[in-house]
Amino acid sequence: MIIEVLAIVFALGLLMFFAYRGYPVIVFAPIFTLLAVVISGNALMPSYTETYMTNAANYVKNFFPIFLLGAIFGKVMEMNGAAASIAQSIVRALGSKRAILSVILACAVLTYGGVSLFVVAFAVYPFAVAIFREANVPKRLIPGTIALGAFTFTMDALPGTPQIQNIIPTSYFGTDAYAAPIVGIVGSLMVFFGGLWWLERRRKQAEAAGEGYGTDHKNEPELLENQTYPSLWISVMPLLLVLFFNYLLSRGFLDVTTWYNAELLKSFNIANVKTVASSWALIIALCIGIVSALCINLRQVQSKLAAGLTAAAMGSLLAIFNTASEVGFGNVVKTLPGFKLIQNWIMGLSSQPLISEAISVNILAGVTGSASGGLSIALEVMGKTYLAAAQAAGISPELLHRIASMASGGMDTLPHNGAVITLLAITGLTHRQSYKDIFAVTVLKTLTVLILAVIFSFI
């Protein structure tokens, strides 16, 4: 049994190592999955074709429309200048005295409005440089500032956020994007103010040491004074429409759960409409957002629409197949003999399902370097167990949803995380220069979700 446990740990370690080194998860996840199968003595080919591929394909079926439409929405908002307009307006309104706060809020508005995290980083970075340079704040603080605004509370804590990390739990717990709103808002405030305090403290330390913006930086963007963008009010309309229709279709009078009768749904093998309702609502809301975004600067967008849609489609394919590969890995692992011991160990860390869930999702997100990947593996493997334990303890599935979603955005931002690597590449900085602040935000988010899990386990 020890060998069978080590087989899983060894395969997981190799997956983490190769992901950190930049090798494609799509290629190496099945290789390390089958390595664990061979060491454990299970059937090789059936594990690959019937377990790994079937579950990976199911994940693509369930979430590809959201990945694709989210990528297209973000790309159109980038091409029409609306994302840049929102960032520029917030940064100018708050001014250089509040440089860090303005960049956080610019990222937060775009992320909560449904723009993908990578597009947010690209859109906000030029304005972050301009205002940090004007305020003489060290450039090395920009990645941590963008990470706080885009990779934390607006990604998975604030109720209603259309990011995938908030949608994944809905298919496991029958919840919607607005699950446990009070917990999400409290957690968001804790992360926001805690992160802002840390970054301002770092700025003051640099100021006291006589450190300014710095010189000889890489990837410095061009000056933006002569560029024109749509007005702020026009630019925010697509974001507001996504949020508005997502709510109406989830909890309002257009609730998609009432659209079809139970008998019709059974013919499509849908036993519980709540497991798909959040996806339906977000798909429709994103389509409305895309159409409205296409109406902004139509002439400018039209000239580069084909290239933009191709880039968005390719990006969404890579993202979902990476995550689906990790889901396939998790589903094969849970069939191996050694997994029962690992599961018992994780569940044994706490008898409270919320605390155990927070820990397991955080660990797996850290190991895979992916919030969506770690979350998907944890819920595929132990989602039903947590749901049963929560029901026995009288805990709402909405709390399970919110804690799982928030936990995914904790230790996922370890050094090998793709978003971290991309963010540092965009800003032209290194792990040595800027990762300390990203890690501080990561630790803050992890502690926040653990504190909330403990509190709501005993009230």
Side-chain angles (χ1 to χ4, degrees), residues 87 90-91 93-112 117 120-121 124-125 127-129 131-159 161 182-214 358 362 371 402-403 406-415 417 419-420 423-424 427 429 431 433-455:
I90 293 173
V91 167
L94 292 176
S96 60
K97 291 183 179 179
R98 298 181 180 85
I100 291 175
L101 175 62
S102 65
V103 173
I104 293 171
L105 291 180
C107 292
V109 168
L110 291 170
T111 307
Y112 189 65
L117 309 182
V120 170
V124 173
Y125 172 59
F127 303 101
V129 166
I131 198 165
F132 270 54
R133 188 188 290 129
E134 181 182 344
N136 205 28
V137 177
K139 183 184 178 181
R140 60 182 173 80
L141 296 180
I142 290 179
T145 305
I146 292 176
L148 177 60
F151 298 173
T152 58
F153 61 97
T154 50
M155 183 179 82
D156 52 42
L158 275 180
T161 176
I182 294 176
V183 178
I185 292 171
V186 169
S188 296
L189 292 174
M190 291 171 66
V191 174
F192 172 75
F193 284 109
L196 182 60
W197 170 82
W198 168 268
L199 291 166
E200 286 292 347
R201 175 173 168 269
R202 295 276 286 161
R203 179 190 64 78
K204 290 176 182 177
Q205 288 175 343
E207 185 179 33
E211 181 186 357
Y213 180 78
N362 245 311
R402 187 56 55 208
I403 293 298
M406 289 185 66
S408 73
M411 299 307 292
D412 68 308
T413 47
L414 288 177
N417 173 265
V420 170
L423 176 58
L424 292 173
T427 57
L429 296 163
H431 281 79
Q433 290 172 301
S434 296
Y435 184 71
K436 181 178 180 179
D437 300 302
I438 298 174
F439 183 72
V441 172
T442 297
V443 171
L444 173 65
K445 182 74 182 306
T446 301
L447 290 176
T448 297
V449 72
L450 288 174
I451 290 169
L452 291 173
V454 170
I455 291 172

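The analysis underlying the following values was restricted to heavy atoms, covering all of them including side chains, and did not include hydrogens, waters or symmetry mates.
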Rounded distance [0.5 Å steps], [atom1] in [X] versus [atom2] in [Y]:
X    : Y    : atom1 : atom2 : answer
L447 : N362 : CG    : CG    : 9.5 Å
L141 : Q205 : CG    : CD    : 9.5 Å
F193 : S188 : CZ    : OG    : 11.0 Å
I100 : L105 : CD1   : CG    : 12.0 Å
Y125 : I146 : OH    : CD1   : 8.5 Å
L158 : T152 : CG    : OG1   : 9.0 Å

**OP:** Decide, yes or no, whether a salt bridge links E200 with R203 under the criterion of side-chain N to carboxylate O below 4.0 Å.
**Re:** yes

**OP:** State which residues pass ring pair (Phe, Tyr, Trp, His ring centres under 6.0 Å) with F153; sequence neighbours excluded, sorted by chain then number.
**Re:** F192

Within-4.5 Å side-chain heavy-atom neighbours: [X] and [Y]:
X    : Y    : answer
K445 : D156 : yes
L452 : R402 : no
P143 : D437 : no
R140 : R202 : yes
I104 : L199 : yes
T145 : F132 : yes
C107 : T154 : no
L423 : F151 : yes

Looking only at non-hydrogen atoms, find the nearest pair between [X] and [Y] and report the distance.
X    : Y    : result
G187 : T448 : O-CG2, 3.9 Å
A106 : I90  : CA-CD1, 3.7 Å
L94  : S102 : CD1-CA, 3.4 Å
M155 : A150 : CB-O, 3.8 Å
G144 : V441 : O-CG2, 4.1 Å

Original post:
Would F127 and V103 count as a side-chain contact (heavy atoms from CB on, under 4.5 Å) if you check the C-alpha gap in whole Å, the side-chain angles of each, and the deciding distance to 0.1 Å?
Top reply: CA-CA 8 Å; F127 303 101; V103 173; over 6 Å; no

Subject >> Under 3.5 Å: donor-acceptor pair, side chain of T111, backbone of A108 >> reply: no

Original post:
Between the main-chain N or O of L429 and the side-chain N or O of K139, is there a donor-acceptor pair closer than 3.5 Å?
Top reply: no

Original post:
So I451 and I455, side-chain contact (heavy atoms from CB on, under 4.5 Å) or not? Walk me through it.
Top reply: CA-CA 6 Å; I451 290 169; I455 291 172; 3.7 Å; yes

